[in-house]
Protein chains: 2
Amino acid sequence: MAYRKTAAEVRRLEAARERLVECATQVVAEVGWAQASVTAVADAAGIAAGSVYQHFPSKAALAVEVFRRAASREVDVLAEVLRSTDGSPVQRLARGVQVFARRALENRGLAHALLAAPAEPSVGAERLDFRRRYHALFAEVVREGIDAGLLPRQDGQVTAAALTGAVGEVLVDPLGAGRTPAPDPEDLLAELTALALRCAGARPESPP
Amino acid sequence: MAYRKTAAEVRRLEAARERLVECATQVVAEVGWAQASVTAVADAAGIAAGSVYQHFPSKAALAVEVFRRAASREVDVLAEVLRSTDGSPVQRLARGVQVFARRALENRGLAHALLAAPAEPSVGAERLDFRRRYHALFAEVVREGIDAGLLPRQDGQVTAAALTGAVGEVLVDPLGAGRTPAPDPEDLLAELTALALRCAGARPESPP
DNA sequence: GAATGAAGTGAACCACTGTTCAGAGCATCA
DNA sequence: TGATGCTCTGAACAGTGGTTCACTTCATTC
């Protein structure tokens, strides 16, 4: 006889899948892609290794899903800040960098996974796309700044790439753990913001 | 009876080791760490897989040696430029960035391997050290620039990290191959130099 | 030229992981 | 409640790639 899944059943399945993705994300944030074996992820989610394949056709597919979700969250947040309608392009740029950096500092493991941790090729490809989206967002604001006469003429794409690279590099080292006294996060943020503005060529604020 | 290696024999051995390292470097530059299996490297050097273990205790040891050599070459070149005695700190910084970038563009595969390509943990650790050395060099010049009143007050370490990150990010994308029309290298270099100077806060050159 | 010992070989070994699959456990339907 | 079909399990399987080792090859010594 036709066997039809009940609504509750479907919900339960989706919840299981959801839980799997969340646990996988956590594992990846904690130990990196390389150490996040199917077994480790399944254990974290409290299911058997084989059950992973009920939800995803392969480990790579799960990894990509994990990356996409986390990356999209970040891109969305950044987009919201950069495209907000209040403040000059330069002010938005500053806020964007701060948000980018603050979020990374608040979830270092995840930031490291998104930005730098060694990963299998499929995730690597996803990461390239992630970076492109970041570039596009920053490039947009830089362009607005140029058009508004607030920033000097420059290749927005290059500046945008530099901004993500700069912030990433500054963050990743502290992220990777080992660093002398560990600089105060707020100082780091202020320093980064100033750096980003110089990078884009914004004039130092004139006194009020 | 005591068996003593003749001088020629010793030389031959060292040459073989040398050749192995060079071939491995080339393989890595061409296909990345992940694809550079012991077999592939041995094939490239024209020896059997097992013979690799005459020269190195493990694949990781060989990989580290490959990385160290290439990285040291780059660090040395950069150090020479940045520490040269002619030109202001700002001018040296500009030249340093150009040299860094130009060398990367001239050997994209190797640059990618050094800066970004996924690698086993032992190489990853080496890469952190490599980056630290870059940071230290840039930080030194930035500090000189500040002391000379040419650059605004700033955290040299952060700026230095940003410079390597920025240059790396800008280069790695083009490096990774896929990019629309592929920007002219000279334009890219000019753009990068300008960006680096802004990044450090150097005033735009006043007219002559 | 025979004895000796190191370098070099490459097939076999082994550890590690992603993936499969036959069966157990349950929910659904008649 | 029994029949059916789905989910879940976890041990077995398979591909990969680093490492080993019995053996060959070749240089050295007497």
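Please read these numbers as outputs of a predicted model, since none were measured by experiment. What's counted below: heavy atoms across the whole structure, side chains too, no hydrogens, waters or symmetry copies. Chain letters run A, B, ... following the sequence lines, proteins first and then strands; every chain starts at 1.
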Exercise. Rounding to a whole Å, what distance do you find between B:Glu14:CD and C:dA7:P?
Worked result: 12 Å
For this session: Apply side-chain contact (heavy atoms from CB on, under 4.5 Å) to the pair B:Thr159 and A:Arg198, showing each step before the final yes or no.
Result: CA-CA 10 Å; B:Thr159 303; A:Arg198 287 200 307 269; 3.5 Å; yes
Exercise. Which class fits the ring pair B:Phe138 and B:Phe100: parallel under 30°, tilted 30 to 60°, perpendicular over 60°?
Worked result: tilted
Exercise. By side chain to side chain donor-acceptor pair (under 3.5 Å), which residues pair with B:Arg131, not counting sequence neighbours?
Worked result: A:Glu169
Seminar exercise, completed: Under a 4.0 Å heavy-atom cutoff, the residues of residues 50-60 of chain B touching DNA chain D are B:Gly50, B:Tyr53, B:Ser58, B:Lys59
In a table with atom names and distances, give each donor-acceptor pair under 3.5 Å that connects a side chain of residues 187-196 of chain A to protein atoms at least two apart or in another chain.
| unit_1 | atom_1 | unit_2 | atom_2 | d |
| --- | --- | --- | --- | --- |
| A:Glu191 | OE2 | B:Asp155 | N | 2.8 |
| A:Thr193 | OG1 | A:Gln98 | NE2 | 3.3 |
| A:Thr193 | OG1 | A:Leu189 | O | 2.7 |

Exercise. Do A:Gln154 and A:Ile146 come close enough that some side-chain heavy atom pair is under 4.5 Å?
Worked result: yes
Exercise. Would a 4.5 Å heavy-atom cut-off, applied to side chains only, mark B:Phe130 and B:Thr164 as touching?
Worked result: no
For this session: Please state how far atom CG in B:Leu62 lies from atom P in D:dT19, giving the value in whole angstrom units.
Result: 10 Å
For this session: Return the value, rounded to whole Å, for the distance between atom CZ of B:Arg12 and atom P of D:dC26.
Result: 11 Å
Exercise. C:dG5 C1' sits how many Å from B:Leu13 CG, rounded?
Worked result: 14 Å
Problem set entry | Strand contacts (DNA chain D) in residues 23-47 of chain A, 4.0 angstrom heavy-atom criterion | A:Ile47
Which pairs would a plain distance check flag for residues 27-37 of chain B, meaning a side-chain donor or acceptor within less than 3.5 Å of a matching protein atom at least two apart in sequence or in another chain?
| unit_1 | atom_1 | unit_2 | atom_2 | d |
| --- | --- | --- | --- | --- |
| B:Trp33 | NE1 | B:Ala113 | O | 3.1 |
| B:Ser37 | OG | B:Ala40 | N | 3.1 |

Exercise. Of all residues at least two apart in sequence or in a different chain, which pass the side chain to side chain donor-acceptor pair (under 3.5 Å) check with A:Glu106?
Worked result: none
